[in-house]
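Notes for the one structure printed next.
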Amino acid sequence: MPLQSSNRVTRLHWKLFFPLVGLLWLVIGITICYFVIHERHRLSYNLGNRLVNVNKTVIDAYYRGADLQKTVDFIRLFTNRTTLDPLHLTVYDDSGHVIADNSRPTIRIHDDTGAMLPQFRDTWAGNDSTYLHDMNIDGAKYMVSSATSSDGSIHSFAALPYQGEVREFLSVDSMVWVVVIALGILSSVMAYLGSRAVCRNVYSLRDFAEMISSNNLPDDIESWRFSKDELGEVSKRLLLLYREKIKAEHEKTLHERQIGINVSHELNTPVAIIKGYLDTIVADPELPEPQKELFIQRAKDNADRLAGLVGALESVMRLQESGQPVECRAIDFHDLAMKLADDVAHNHVAGDMTFEVDVPSGCMVCANPTLLTNALLNLVRNAAQHSGGSRIFLRRVGDDNGYALFAFSDNGSGVDSEHLERLFDLFYRVDRGRARKKGGAGLGLPLVKRIFRAMGGDIAADGSAGCGLTFVFRLPRPQ
């Protein structure tokens, strides 16, 4: 999908690029400067050591009693065509007279008046000492090394001008700058591509926001362009979450609308029947008394049905909206189940079905006895009206991380798996034709689920067509 760019968002690319490439150039510059300075210092140190060694050779020759001029000439031959080729070497005695010199201009330590130049005074005064420093001699910069014998009789001066081969020796290889430029260009290209990849996700999110505002979301999220990295995955996940949220809200709206339609339908049906019977009675004063009593009785039955429907709906909605757990206490589920079995048997709640209980004595759970009994009675009525079986079972099946597990099942016809997850939806009926041959408004099981959740437990349906229906529920055990 093509990206729709705008000046305001496009500038984000450059806002990222310029600081990033500037930082990369700064790092490269600092690194190269450190390398150049360090390399020059190393070369200068090595060159200085050579000058120091030249003076030490002269002083050692003096100690051995060798001819100093021959020593100087030998050094000249030894350093010919080397970095020390432009070497100036001059040897003075303690009176300041030159006693040995090479072919290069003499290193003058006195001015035209015969006074010693200031820069040589410190080096002249020391005995058995060696100095290395830079000096300006005759307007040119030199690296100068000086050495004095221990008796102060001999002063040797070696100097190299910062020019020619010496300057070339101390210079950094030109390939370093080629490498610097190459690294800078490569870093700039990488910074450009990196900032572009990051901004690509921003552009996609911006375009997605524009499509949201125009209510024109794409069907396939995979067709949207994202970079193949963590940021792209995060962006894609955000879009998926948004789409899921929109889908969930849409489904919720449809569900609430369907509930409203179902509520209206369920309430209007008994109201219409009541109104029809009453209208008939009012319209025909001469209606025979037996017929009138029959119509009144049927209107009363539908009024009772309407009252029960409203009461059940109120209970479901109250439990759903409160969001607060109900008051519970520790009870023996065995005693409650056995009492329930007696009530079911004496009042024929299960019709022709038998109700069997297999719960051990002392099975303690934390629950509200009234609500729990109500939930179990709803399960019994649901089995009696819809299962078509002959037996109902309530048994303990185990424990699960602080909860007691129970199973409520029948040996009836069961339901298809496609209905299992929706059995607890408001007004949901497995009978899609909404036939009321078996009764029920689709409120019993939703009320059961909300009762168990309000007590800190839960319930789920399991089974398949032809194999009966099982409700597995759990209740917290007392601490």
Side-chain angles (χ1 to χ4, degrees), residues 312 315-344 349-350 353 355-384 386-387 389 391-412 414-426 428 430 442-464 467-479:
S315 299
V316 171
M317 301 309 295
R318 184 171 61 250
L319 285 174
Q320 179 172 326
E321 294 176 358
S322 66
Q324 299 294 329
V326 299
E327 181 180 354
C328 299
R329 60 183 176 85
I331 61 173
D332 190 336
F333 193 85
H334 169 79
D335 295 344
L336 184 143
M338 296 307 297
K339 183 176 183 304
L340 176 67
D342 290 340
D343 292 340
V344 168
V349 178
M353 301 182 71
F355 182 47
E356 302 176 9
V357 175
D358 182 14
V359 178
S361 179
C363 178
M364 304 301 294
V365 296
C366 187
N368 183 294
T370 302
L371 289 178
L372 180 55
T373 300
N374 188 6
L376 294 175
L377 283 173
N378 271 285
L379 292 178
V380 172
R381 294 191 185 98
N382 181 78
H386 305 291
S387 70
R391 300 173 63 188
I392 301 173
F393 311 91
L394 174 60
R395 65 186 185 278
R396 168 77 178 275
V397 294
D399 294 293
D400 179 25
N401 196 23
Y403 290 87
L405 298 181
F406 302 90
F408 184 98
S409 57
D410 60 62
N411 63 346
V415 298
D416 293 332
S417 58
E418 63 186 71
H419 300 291
L420 292 177
E421 292 185 358
R422 300 199 59 191
L423 287 178
F424 301 102
D425 290 349
L426 289 173
Y428 183 77
V430 176
L443 290 173
L445 293 181
L447 179 61
V448 168
K449 188 175 188 68
R450 285 156 178 80
I451 287 176
F452 276 107
R453 287 189 172 180
M455 294 187 299
D458 205 354
I459 186 171
D462 189 19
S464 58
C467 299
L469 183 62
T470 299
F471 294 95
V472 178
F473 61 90
R474 66 177 187 173
L475 291 169
R477 297 179 59 84
Q479 298 296 323

Interatomic spacing from [atom1] in [X] to [atom2] in [Y] - rounded to 0.5 Å:
X: C363; Y: H334; atom1: SG; atom2: NE2; answer: 10.0 Å
X: I392; Y: F408; atom1: CD1; atom2: CZ; answer: 5.0 Å
X: F406; Y: I459; atom1: CZ; atom2: CD1; answer: 12.0 Å

*Only counting residues at least two apart or in another chain, list the ones meeting side-chain hydrogen bond (donor to acceptor under 3.5 Å, both in side chains) with N411.*
S390
With sequence neighbours left out, what residues match [X] under side chain to side chain contact (heavy atoms under 4.5 Å, CB included)?
X: A384; answer: none
X: T370; answer: N368
X: A341; answer: F355, V357
X: A460; answer: none

*Check salt bridge (Lys or Arg N to Asp or Glu O under 4.0 Å) between D335 and all other residues, then give those that pass, not counting sequence neighbours.*
none
*Could you list the residues that satisfy salt bridge (Lys or Arg N to Asp or Glu O under 4.0 Å) with R474, not counting sequence neighbours?*
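Salt bridge (Lys or Arg N to Asp or Glu O under 4.0 Å) list for R474, sorted by chain: empty.
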Looking at every heavy atom in both [X] and [Y], which two are closest together, and how far apart are they?
X: G457; Y: P476; result: N-CD, 4.2 Å
X: D410; Y: M353; result: CB-CE, 4.2 Å
X: R396; Y: L405; result: CD-O, 3.3 Å
X: I331; Y: A367; result: CD1-CB, 4.1 Å

Heavy atoms, side chains only, cut-off 4.5 Å: are [X] and [Y] in contact?
X: L372; Y: L475; answer: yes
X: N378; Y: L445; answer: no
X: L376; Y: L336; answer: yes
X: S387; Y: L469; answer: no

Would you list the pairs meeting salt bridge (Lys or Arg N to Asp or Glu O under 4.0 Å) in which at least one residue belongs to [range], sequence neighbours left out?
range: residues 366-378; value: none
range: residues 355-382; value: E356-R391
range: residues 365-375; value: none
range: residues 367-378; value: none

*Please assess V448 against F471 for the test side chain to side chain contact (heavy atoms under 4.5 Å, CB included), listing each intermediate value before the final yes or no.*
CA-CA 11 Å; V448 168; F471 294 95; over 6 Å; no
*Just by distance, do the side chain of R450 and the backbone of P446 share a donor-acceptor pair under 3.5 Å?*
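Confirmed, R450 side chain pairs with P446 backbone.
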*Return the set of residues passing ring-ring contact (aromatic ring centres under 6.0 Å, His included) with F452 (not counting sequence neighbours), or none when no residue passes.*
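Applying ring-ring contact (aromatic ring centres under 6.0 Å, His included) to F452 gives F473.
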